[in-house]
Asker: 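Submitted below is the structure of interest, expressed as structure tokens.
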Amino acid sequence: MARSHPVRIGVLNLLVVVIALSLAVLALLALVTAQAGARLSERQADELHQVYAAEAAGQQFLAVVDAQLDQLRQSSADPQQMMRMLDAAAQSCAQAAASAQEAAEAGTTGEAHALTPEQSATPIEHLAPTGQTIGVLIGSFTTEQNQNLTCTLAIHADATYEVIGWKQAKLWSDDANSERLLITE
């Protein structure tokens with residue numbers, strides 16, 4: 001008489017359940033990681049768009065200032081008169097730069113002002129050869145998401161300029177959710 005041994009499927013079932021649960025947990029972790037990566041990629045793309053918008057405003061600012069200086073070269077203005085005219089035109093230069101297409105799409109605002117050597121916090125002799133620099137023109141552009149570009153130009157007596165500062169910075173924001181990677185809502 002043949003004896004039949006019952007198949008013990010209890011241990012096998014337990015092993016299959018543990019493997020299935022492990023795979024479910026790994027699938028859930030993969031999903032959460034993919035969502036976090038997608039959010040991070042979107043934030044990086046938005047930040048990069050803001051950087052490019054500020055750069056576009058800065059380049060447009062240089063173009064407008066160059067055109068203003070070209071007019072001053074042709075008018076043969078003396079250095080003091082040239083700085084007064086640049087100071088008067090500085091804000092319109094910044095506004096024109098902020099209205100460039102890419103900058104305007106990012107909500108960029110701009111402001112600018114001209115400084116004579118007496119008004120500048122940085123000694124002019126450190127910026128360019130003595131006697132050649134008659135002032136400094138500073139343009140600042142800020143996007144809606146607080147990306148800031150500050151352009152500093154040394155204005156020379158022959159109505160030319162030299163870029164002495166070009167600084168991108170992210171301004172502080174109190175938005176608590178902006179720095180969280182995993183948002184559980």
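Here the structure is a predicted model, which means the values were calculated and not measured.
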Asker: Who passes side chain to side chain contact (heavy atoms under 4.5 Å, CB included) against V16, sequence neighbours left out?
Answerer: none
Asker: For Q147 versus A169, what's the shortest heavy-atom pair and its separation?
Answerer: NE2-O, 3.4 Å
Asker: If only side-chain N and O atoms count, and only distance matters, is there a donor-acceptor pair under 3.5 Å linking E144 with Q50?
Answerer: no
Asker: Let me see the working for L86 and L72 under side-chain contact (heavy atoms from CB on, under 4.5 Å), right down to the final yes or no.
Answerer: CA-CA 9 Å; L86 271 177; L72 291 173; 4.0 Å; yes
Asker: Please report the closest heavy-atom contact between A53 and T143, naming both atoms and the distance.
Answerer: CB-CG2, 4.2 Å
Asker: Using the rule given for side-chain contact (heavy atoms from CB on, under 4.5 Å), can you reason through T108 versus T142, listing the C-alpha separation, both sets of side-chain angles and the distance that settles it, and then say yes or no?
Answerer: CA-CA 5 Å; T108 304; T142 305; over 6 Å; no
Asker: To the nearest 0.5 Å, what is the distance between CG on D66 and CG on L153?
Answerer: 10.0 Å
Asker: Please determine whether residues V51 and W166 belong to a single hydrophobic cluster, defined as Ile, Leu, Val, Met, Phe, Trp and Tyr linked transitively by side-chain heavy-atom distances below 4.5 Å.
Answerer: no
Asker: Please assess Q44 against L40 for the test side-chain contact (heavy atoms from CB on, under 4.5 Å), listing each intermediate value before the final yes or no.
Answerer: CA-CA 6 Å; Q44 286 177 332; L40 182 60; 4.3 Å; yes
Asker: Within the side chain of S22, is there an N or O that forms a donor-acceptor pair under 3.5 Å with the backbone of V18?
Answerer: yes
Asker: Could you measure the distance from the CG atom of L21 to the CG atom of L26? Nearest 0.5 Å is fine.
Answerer: 11.0 Å
Asker: Rounded to the nearest 0.5 Å, how far apart are CG of L62 and OH of Y161?
Answerer: 4.5 Å
Asker: Nearest 0.5 Å, please: how far is CD in E47 from CD in Q145?
Answerer: 6.0 Å
Asker: Kindly indicate whether the side chain of T160, heavy atoms from C-beta on, has any atom under 4.5 Å from the side chain of R73.
Answerer: yes
Asker: Membership question, hydrophobic clusters at under 4.5 Å side-chain separation (ILVMFWY): are L149 and V64 in the same one?
Answerer: no
Asker: Without swapping roles, check the side chain of T33 against the backbone of A30 for a donor-acceptor pair under 3.5 Å.
Answerer: no
Asker: Is the shortest distance from a Lys or Arg side-chain nitrogen in R43 or D46 to a carboxylate oxygen in the other one below 4.0 Å?
Answerer: no
Asker: At their closest point, which heavy atom of G139 faces which heavy atom of A112, and how far apart are they?
Answerer: CA-CB, 4.0 Å
Asker: Decide yes or no on side-chain contact (heavy atoms from CB on, under 4.5 Å) for I155 and V136, but give the supporting numbers first.
Answerer: CA-CA 6 Å; I155 308 299; V136 176; over 6 Å; no
Asker: Grab the two heavy atoms, one from F141 and one from G58, that are nearest each other, plus how far apart they are.
Answerer: CE1-CA, 4.1 Å
Asker: Please give me the minimum heavy-atom distance between M82 and L69, naming the atom from each residue.
Answerer: SD-CD2, 4.4 Å
Asker: Is there a side-chain contact between M85 and Q71, using heavy atoms and a 4.5 Å cut-off?
Answerer: no
Asker: Closer than 3.5 angstrom, by distance alone: can the side chain of D87 be matched with the main-chain N or O of A114 as a donor-acceptor pair?
Answerer: yes
Asker: For a quick test of reading the model, state the closest non-hydrogen atom pair linking G135 to M83 and the distance between them.
Answerer: CA-CE, 3.7 Å
Asker: Rounded to the nearest 0.5 Å, how far does CZ of F61 lie from CD1 of I138?
Answerer: 9.5 Å
Asker: Whether the side chain of K167 engages the backbone of N148 through a donor-acceptor N/O pair (distance < 3.5 Å, no angle test) should be reported.
Answerer: no
